[in-house]
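See below for the structure under consideration.
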Amino acid sequence: MLRTQFEEELKDIHEQFYQMGIAVSNAVHKSVEAFLTHDKELAKEVILNDEKINEQELRLERKSFEMIALQQPVTTDLRMIVTIMKASSDLERMGDHAVSVAKATIRVKGVKRIPEVEEMISNMSNYVKQMVDAVMKAYVETDATKAREIAKEDEHVNEYFQKVYDASIAEMQKHPETVISGSDYLHVASYLERIGDYVTNICEWIIYLTSGRLTELNVNHTL
């Protein structure tokens, strides 16, 4: 009877974590869409919804601690609880970066834009969102091989960041009137780059879940 209840609770936190991942993926997508289309209402929606993401993380953390304390789970179950607890913290930080992008949208006021850089940021955000969606799928399928592949994709996110950086700096030097928007592009690209780092962290937790070993997949990623 107790075991059945524990399995139900485990299934429940697993599902909650997945729902949190979907919410974060949507936040990332909407925040960049708001930034590129100057949609301040959509940006405000991302900022408001972040409270729900924070609550999801707190709920998962509380439940995880409770299950460890009361159920004293064995190795595999314990690994799943620890993975959810740690990876939900990474998701929460990804949500925070989506909020930072949304806040950049609200700051921008009729400044001169740089269309080619905005296109790079759009492509970068699509790539990052695909990584977020892919890592949640890898988690659900407990696919360590896929997790390793996704972590490697973070190199492309870093390349996107470098392209945005180089193009923004060059444009700001040539056209001083683009300095305000150029600075915002650099901030937004850096937030997206950090989200890629957190995806890598979750990849590491998926490998831990399957092997019990903590593995560092990419050097210089966010802890």
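The chain is numbered in sequence order, starting from 1. All values derive from a computational prediction rather than experimental measurement.
Under the 4.5 Å side-chain criterion, counting only non-hydrogen atoms from C-beta, Asn54 is in contact with Asp96. Residues Arg194 and Ser190 have side chains in contact (heavy-atom distance under 4.5 Å, counting atoms from C-beta outward). A heavy-atom distance below 4.5 Å is found between the side chains of Met131 and Asp154. Two residues are said to be in side-chain contact when any heavy atoms from C-beta on lie closer than 4.5 Å; Leu91 and Met94 meet this criterion. Using a 4.5 Å heavy-atom threshold, the side chains of Gln130 and Glu153 count as separate. Looking at heavy atoms from C-beta onward, Glu92 lies in side-chain contact with Met20 at the 4.5 angstrom threshold. Proximity of Val135 to Cys203: side-chain heavy atoms (C-beta onward) are separated by under 4.5 Å at one or more points. Contact annotation: the side chain of Ile68 approaches that of Leu78 to within less than 4.5 Å [non-hydrogen atoms, C-beta and beyond].
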Fill in: Intermediate values then yes/no, side-chain contact (heavy atoms from CB on, under 4.5 Å), Thr83 and Ile206
CA-CA 7 Å; Thr83 297; Ile206 292 167; 5.6 Å; no

Worksheet item: Passes salt bridge (Lys or Arg N to Asp or Glu O under 4.0 Å), Lys146 versus Glu149? Steps please.
Response: CA-CA 5 Å; Lys146 186 68 184 165; Glu149 287 169 12; 3.7 Å; yes

Discussion item. Checking Arg79 against Val82 for the side-chain contact (heavy atoms from CB on, under 4.5 Å) test, could you report, in this order, the C-alpha distance in whole Å, the side-chain angles of both residues, the deciding distance, and whether it holds?
Written reply: CA-CA 5 Å; Arg79 283 210 301 261; Val82 168; 5.8 Å; no

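Rounding to the nearest 0.5 Å places CD of Glu33 at 11.0 Å from CG of Asn26. For the atom pair CG (Asp143) and CD1 (Ile150), the distance works out to 7.5 Å, reported to the nearest 0.5 Å. In this structure, Ile53 CD1 and Ser88 OG are separated by 12.0 Å, a value rounded to the nearest 0.5 Å. Atom OH in Tyr18 sits 7.0 Å away from atom CE in Met136 (nearest 0.5 Å). Note: Leu36 CG to Tyr185 OH = 8.0 Å, rounded to the nearest 0.5 Å. To the nearest 0.5 Å, atom CG of residue Asp77 and atom CD of residue Glu7 are 7.5 Å apart.
With sequence neighbours excluded, the residues that form a side-chain contact (heavy atoms from CB on, under 4.5 Å) with Lys44 are Glu41, Ile106. Residues forming a side-chain hydrogen bond (donor to acceptor under 3.5 Å, both in side chains) with Lys86 (at least two apart in sequence, or on another chain): none. For Lys52, there are no salt bridge (Lys or Arg N to Asp or Glu O under 4.0 Å) partners at least two apart in sequence or on another chain.
With Ser25 contributing its side chain and Ile22 its backbone, the two residues share no donor-acceptor pair below 3.5 Å. Side chain of Gln16 to main chain of Gln56: no donor-acceptor pair is present (N/O by atom type, distance under 3.5 Å, no hydrogens or angles). Not one N or O on the side chain of Ser89 forms a donor-acceptor pair closer than 3.5 Å with the backbone of Met85. Side-chain atoms of Thr178 never come within 3.5 Å of backbone atoms of Lys112 as a donor-acceptor pair (strictly under, hydrogens ignored). Looking only at distances, no side-chain donor or acceptor of Ser122 sits under 3.5 Å from a matching main-chain atom of Glu118.
Counting only residues at least two apart or in different chains, ring pair (Phe, Tyr, Trp, His ring centres under 6.0 Å) contacts with residues 124-150 comprise His14-Tyr139, Phe17-Tyr139, Tyr127-His156, Tyr127-Tyr160. The list of side chain to side chain donor-acceptor pair (under 3.5 Å) pairs with a residue in residues 164-177, not counting sequence neighbours, reads Gln162-Asp166. Listed by first then second residue, pairs satisfying ring pair (Phe, Tyr, Trp, His ring centres under 6.0 Å) with a partner in residues 44-68 number zero, not counting sequence neighbours.
Under the 4.0 Å criterion applied to side-chain N and carboxylate O atoms, Lys63 and Glu66 are assigned as salt-bridge partners. Using a 4.0 Å cut-off between a side-chain N of Lys or Arg and a carboxylate O of Asp or Glu, Lys137 and Asp133 do not qualify as a salt bridge.
Here the closest non-hydrogen pair linking Val157 and Leu192 is CG1-O, 4.1 Å. Taking each heavy atom of Ile84 and Leu60 in turn, the nearest pair found is CG2-CD2, 3.9 Å. Taking every heavy atom of both residues into account, Ala167 and Met120 meet most closely at CB-CE, 3.8 Å. The heavy-atom pair separating Ala102 from Ile47 by the smallest distance is CB-CG1, 3.8 Å. Listed here is the closest heavy atom pair of Thr105 and Ser31: OG1-O, 4.0 Å. Closest approach of Ala147 and Leu217 over heavy atoms only: O-CD1, 4.4 Å.
Leu58 and Leu48 are members of different hydrophobic clusters when ILVMFWY side chains are connected at heavy-atom separations under 4.5 Å. Using a 4.5 Å cut-off between side-chain heavy atoms of Ile, Leu, Val, Met, Phe, Trp and Tyr, with links allowed through other members, Val46 and Val101 fall into different hydrophobic clusters.
With hydrogens and angles left out, the side-chain atoms of Asn123 and Glu119 include no donor and acceptor closer than 3.5 Å.
Around atom CD of Glu141, more than 12 heavy atoms belonging to other residues, nucleotides or ligands sit under 6.0 Å away. In the displayed structure, Ile180 atom CD1 is contacted under 6.0 Å by at most 12 heavy atoms of other residues, nucleotides or ligands. Heavy-atom neighbours of Gln19 CD from other residues, nucleotides or ligands within 6.0 Å: above the threshold of 12.
In this structure, Trp205 and Tyr208 have perpendicular ring planes: the angle between them is above 60°, well past the 30° mark.
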